[in-house]
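For the numbers below, each heavy atom of this structure counts, side chains included, while hydrogens, waters and symmetry mates do not. Keep in mind that this is a model prediction, so the values were computed, not measured. One-based numbering, in listed order, for ligands and for the atoms of each. Sequential numbering from 1 along the given sequence is applied to the chain's residues.
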Amino acid sequence: MRLSRVLLLPVLVPALLSGCSSGPDFVAKYEPWRGKEESACIASGVLAHTTFLASRSALGGPSVCGTERPYELSAVLDGQVRLKPTAMLRCPMIPQVERWTRESVAPAARYYFGTDVVEISVAGSYSCRPMNHVSGAKLSEHGYANALDVAGFTFADGRKITIKRGWNGDVTEQAFLRAVHRGACQQFTTVLSPNYDRNHADHFHVDLARRGADGLSRICK
Ligand SMILES: [Zn+2]
């Protein structure tokens, strides 16, 4: 685990930086809640018990992209469930990914397939880009390391369930993915599935965007 992190970094960092250096083609405004929420999360000590976590240097730079203290998350549930590839996330996302896996993904795998989930396939995490890659759109929550895209799940028996095939696949796969989707809506403020649009035909998007007067308005689609 440690070795793979060391090897990954030189590849990851230039890729992340180059994402921002091409110049912003998105709309973004300064939102004070982001920094406050992140500082409060770090100060709370909520990450103290998460072992498979590496603190990285600040992302961002010439634009509003990034976050003060990004973390690279390689597994949850004490290493029982890997994230592959590792996800670059801000502090508030991490306990929610952990909770979603513990309270929804793992129980649903046991209930529907009688096995344990061992891997979450990550389709995206930090990325300095406009929403849906549309030039001129609002900066995506991915640009703040406040979002995760999940393409599927691997079980202990080697079976893989993807959103692309399983969402409209056999009855059990459909039921599993819908349970996991419902569970995500308990932990994240935005959850988008193939039900939302064609951009999400092959993954779940989850994030912790704040919207509405109290910042608690939710989207679960
Ligand atoms: Zn996404």
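Its N, O or S atom nearest to the Zn ion (ligand 1) is what matters here, and for Asp149 that atom is OD1.
Proximity of a side-chain donor or acceptor of Arg159 to a complementary backbone N or O of Phe153 within less than 3.5 Å is not detected.
Here His203 does not reach the Zn ion (ligand 1): none of its N/O/S atoms is less than 2.8 Å from the metal. The Zn ion (ligand 1) has an N, O or S atom of His205 inside 2.8 Å of it.
For the pair Arg129 and Phe26, the cation-pi test (distance below 6.0 Å, angle within 45°) is failed.
Through direct or relayed side-chain contacts under 4.5 Å between Ile, Leu, Val, Met, Phe, Trp and Tyr, Tyr196 connects to Leu192, Ile219.
With 3.5 Å as the limit, one finds a donor-acceptor pair spanning the side chains of His142 and Asp149.
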